[in-house]
Trainee: 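Got a structure here, written out as structure tokens. Questions coming.
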Amino acid sequence: MKKETLILKIAVIFIALPVLAITLFGFPLIIQDAADSSMKMASVLYGLLTVFSLTLFPFLAALYQAFKLLKFIDCNDAFSAKSVEALKKIKLFAFSIAALHLTSFPLYFIVGEVDDAPGVILVGMMFISAPTVVAVFAAVLQKLMGNALEIKQDNDLTI
């Protein structure tokens, strides 16, 4: 295993672990708090927690695809159709995360209004813009990898 990709693989694992811990241990505490608060705020928090729970699956799937991409790089198979497919899946997962948070964006306005905290809306925008940036970056890399793969295939056929 190469040293450069080993560090990135460890980083992928360390990104996944806190997200899983928050989902498994933090969300029940938030739900318990929401049950004690007003009915309007509880329903809004339940909606937000549902969206966060739903985004867990594409998030972990995208991290798995990133891990596979790093394995392809280890095997000197970076410029292959498998790498392009992994980048395509990462792009789709990231866009799905952004779309799920976009649908829940009105809930951030309600939380900001009830708690008189307009910063909550900026946090909601972060959950939309960060996956969008990742998706656009993955789309650019997918296109570059696809072009490099075509050039590689042309060069392999030339002699």
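Count residues from 1 along the sequence.
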Trainee: Over 60° means perpendicular and under 30° means parallel, so classify the ring planes of Phe105 and Tyr108, tilted if in between.
Mentor: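 Tilted, since the angle between the ring planes falls between 30° and 60°.
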Trainee: Please determine whether residues Ile121 and Val111 belong to a single hydrophobic cluster, defined as Ile, Leu, Val, Met, Phe, Trp and Tyr linked transitively by side-chain heavy-atom distances below 4.5 Å.
Mentor: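 Yes, Ile121 connects to Val111 through the hydrophobic network.
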Trainee: Please answer: with hydrophobic residues joined when any side-chain heavy atoms are less than 4.5 Å apart, are Leu122 and Leu102 in the same cluster?
Mentor: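 Yes, it is one cluster - the side chains of Leu122 and Leu102 are joined through contacts under 4.5 Å.
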Trainee: Taking atom CG of Leu60 and atom CG of Leu20, what is their separation to the nearest 0.5 Å?
Mentor: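 It is 5.0 Å, given to the nearest 0.5 Å.
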Trainee: Can you tell me how the ring of Phe127 sits relative to the ring of His101, calling it parallel under 30°, perpendicular over 60° and tilted otherwise?
Mentor: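 The rings of Phe127 and His101 lie parallel, inter-plane angle below 30°.
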Trainee: Return the minimal non-hydrogen interatomic distance between Pro28 and Thr23, and the atom names on each side.
Mentor: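 Shortest heavy-atom contact: CD-O, 3.9 Å.
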Trainee: Does Tyr64 OH have over 12 foreign heavy atoms under 6.0 Å away?
Mentor: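 No.
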Trainee: Of all heavy-atom pairs between Ile90 and Ala138, which one has the smallest distance, and what is that distance?
Mentor: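 Looking at all heavy atoms of both residues, the shortest contact is CG2-CB, 4.0 Å.
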Trainee: Rounded to the nearest 0.5 Å, what's the gap from NZ on Lys9 to CZ on Phe14? Could you check?
Mentor: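 Between Lys9 NZ and Phe14 CZ, I get 15.0 Å after rounding to 0.5 Å.
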Trainee: Is Val44 reachable from Val120 through a run of hydrophobic residues whose side-chain heavy atoms are each under 4.5 Å from the next?
Mentor: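 Yes, it is one cluster - the side chains of Val120 and Val44 are joined through contacts under 4.5 Å.
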Trainee: In this structure, are over 12 heavy atoms from other groups packed under 6.0 Å from Met126 atom CE?
Mentor: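 More than 12 heavy atoms, drawn from other residues, nucleotides or ligands, come within 6.0 Å of this atom.
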Trainee: More than 12 non-hydrogen atoms from neighbouring residues, nucleotides or ligands closer than 6.0 Å to CZ on Phe52, yes or no?
Mentor: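 Yes, because the 6.0 Å sphere around CZ of Phe52 holds more than 12 heavy atoms from other groups.
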Trainee: What's the shortest heavy-atom distance between Phe93 and Pro58, and which atoms?
Mentor: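 Taking every non-hydrogen atom into account, CB-O, 3.6 Å.
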Trainee: Using only atom types and a distance under 3.5 Å, with no angle test, would you say the side chain of Ser83 pairs donor to acceptor with the backbone of Ala78?
Mentor: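 Pair found, side chain donor or acceptor close to backbone of Ala78.
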Trainee: Thinking salt bridges, do Lys71 and Asp77 make one under a 4.0 Å N-O criterion?
Mentor: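 The answer is no: the pair does not qualify as a salt bridge.
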Trainee: Do Ile15 and Phe59 have side chains that get closer than 4.5 Å, going by heavy atoms?
Mentor: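 The answer is yes, as the side chains (C-beta and beyond) meet within the 4.5 Å cut-off.
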Trainee: Just so I know, are the side chains of Val140 and Leu144 near enough to count as touching, which here means a heavy-atom distance under 4.5 Å?
Mentor: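 Answer yes - side chains close enough.
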Trainee: Find the distance between OG1 (Thr55) and CG (Leu100) and round it off to the nearest 0.5 Å.
Mentor: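 Between atom OG1 of Thr55 and atom CG of Leu100 there are 6.5 Å.
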Trainee: Roughly how far, to the nearest 0.5 Å, is the CZ atom of Phe27 from the CG atom of Leu24?
Mentor: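 Leu24 CG to Phe27 CZ: 9.5 Å, rounded to 0.5 Å.
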Trainee: Please check if Leu17 and Leu6 belong to a single hydrophobic cluster, counting links between Ile, Leu, Val, Met, Phe, Trp and Tyr side chain heavy atoms closer than 4.5 Å.
Mentor: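 Cluster IDs for Leu17 and Leu6 match.
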Trainee: Check whether Thr132 reaches the backbone of Ile128 with its side chain - one donor and one acceptor, N or O, closer than 3.5 Å.
Mentor: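 A pair under 3.5 Å: yes.
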Trainee: Would you give the length of the straight line joining atom CD1 of Ile73 to atom CG of Leu8, rounded to the nearest 0.5 angstrom?
Mentor: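 Output value for this atom pair is 8.0 Å.
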Trainee: In Å and rounded to the nearest 0.5 Å, what is the CD to NZ distance from Gln142 to Lys89?
Mentor: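 The NZ atom of Lys89 is 12.0 Å from CD of Gln142, to the nearest 0.5 Å.
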Trainee: Answer yes if Tyr46 and Val123 sit in the same cluster of Ile, Leu, Val, Met, Phe, Trp and Tyr residues linked by side chain heavy atoms under 4.5 Å apart, and no otherwise.
Mentor: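 Yes, Tyr46 and Val123 fall within the same hydrophobic cluster.
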Trainee: How far apart are the closest heavy atoms of Val12 and Leu63, and which atoms are they?
Mentor: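 Heavy atoms of Val12 and Leu63 come nearest at CG1-O, 3.7 Å.
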